[in-house]
Amino acid sequence: MQILQTQELQIFAMLTWLIWFRCNRQRLDQPTDEIDRLYLRALELLTEFHQAQDNHSQTSHATEPSTRTKWKLPIPDRFKVNFDGATFAETNEAGLGAIIRNHQGEVMASLCQRIPYPHSVATVEASAARAAVNLVLELGFREMDIEGDSLEIINALL
């Protein structure tokens, strides 16, 4: 058995998502990338992601709170979905993300989505929460904890 390196796993994950995304767009009769372009598109998206991570780490040090909250595993027989939203002012877009993990911290499912920027950051966070809940429901998970970094949205969900 061969163990894949981190970069190979990232490319595999991106290709898998692009194939899924392409199938859904075809199903909805929406334009799609050509199948032979998916590998190059995966590399482009990964490069964009890594650049965004580098830019964020360079600018976030001054704004990070002095205390950090450590993520905790869900209790056995439960799952945890974490969601977050991000804004991209230069392109007037927002990003939504969610990840579902089991009680051992293993990833069960994830999603990322780019949308036109709505009217507020709170709306971006609410959209990320909605995307997370839809993912949970679509996949049929039960006994789920939900976690996000927007206190306003978490309180609204309670």
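This structure is a prediction, so every number in the text was calculated from the model and none was measured. Below, each value reflects all heavy atoms present in this structure, side chains not excepted, and no hydrogens, waters or symmetry copies.
Note that the CD atom of Gln10 and the CE atom of Met14 stand 8.5 Å from one another [nearest 0.5 Å]. Taking CG from Leu9 and OG1 from Thr16, the interatomic distance works out to 10.0 Å, rounded to the nearest 0.5 Å. Going from atom CD1 of Ile115 over to atom OG1 of Thr87 covers 10.5 Å, rounded to the nearest 0.5 Å. In this structure, CG on Asp145 lies 13.0 Å from NE2 on His103, to the nearest 0.5 angstrom. With rounding to the nearest 0.5 Å, the separation of CD1 in Ile19 from CG in Asp33 is 12.0 Å.
The minimum heavy-atom distance linking Leu38 with Leu18 is given by the pair O-CD1, 3.5 Å. In plain terms, the two heavy atoms of Phe83 and Glu125 that are nearest each other are CE1-O, 3.7 Å. Of all heavy-atom pairs between Gly85 and Val124, the closest is CA-CG1, 3.7 Å.
The ring-ring contact (aromatic ring centres under 6.0 Å, His included) search around Phe12 returns none, not counting sequence neighbours. Residues passing the side-chain hydrogen bond (donor to acceptor under 3.5 Å, both in side chains) test with Ser120, sequence neighbours excluded: Thr123. A search for ring-ring contact (aromatic ring centres under 6.0 Å, His included) contacts involving Tyr39 returns nothing, not counting sequence neighbours.
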Ignoring hydrogens and angles, write down the donor-acceptor pairs under 3.5 Å from the side chains of residues 149-158, residues two or more places apart or on other chains.
residue : atom : partner : partner atom : Å
Ser150  : OG   : Ile153  : N            : 3.4
Asn155  : ND2  : Leu151  : O            : 3.3

Distance-only donor-acceptor hits, side chain of residues 106-114, under 3.5 Å, sequence neighbours excluded:
residue : atom : partner : partner atom : Å
Glu106  : OE1  : Asn102  : ND2          : 2.7
Arg114  : NE   : Glu93   : OE1          : 3.2
Arg114  : NH1  : Glu48   : OE2          : 2.2
Arg114  : NH2  : Glu48   : OE2          : 3.3

Enumerate donor-acceptor pairs with a distance under 3.5 Å from any side-chain N or O in residues 128-139 to protein atoms, sequence neighbours excluded.
residue : atom : partner : partner atom : Å
Asn134  : ND2  : Arg130  : O            : 3.4

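Both Leu15 and Ile35 belong to a common hydrophobic cluster when Ile, Leu, Val, Met, Phe, Trp and Tyr are linked at side-chain heavy-atom distances under 4.5 angstrom. Residues Trp20 and Ile100 do not share a hydrophobic cluster, clusters being chains of Ile/Leu/Val/Met/Phe/Trp/Tyr side chains in contact below 4.5 Å.
Both the sub-6.0 Å distance and the 45° axial angle are not jointly satisfied by Arg22 relative to the ring of Trp17.
Crowding of Gln30 atom CD: a count of heavy atoms from other residues, nucleotides or ligands under 6.0 Å exceeding 12.
A distance-only check finds no donor-acceptor pair linking the side chain of Arg101 to the backbone of Lys80 [under 3.5 Å].
Counting heavy atoms from C-beta on, the side chains of Asn82 and Trp71 come closer than 4.5 Å.
Ionic pairing of Arg41 and Glu44 is present here: one or more N-O contacts between side-chain nitrogen and carboxylate oxygen are shorter than 4.0 angstrom.
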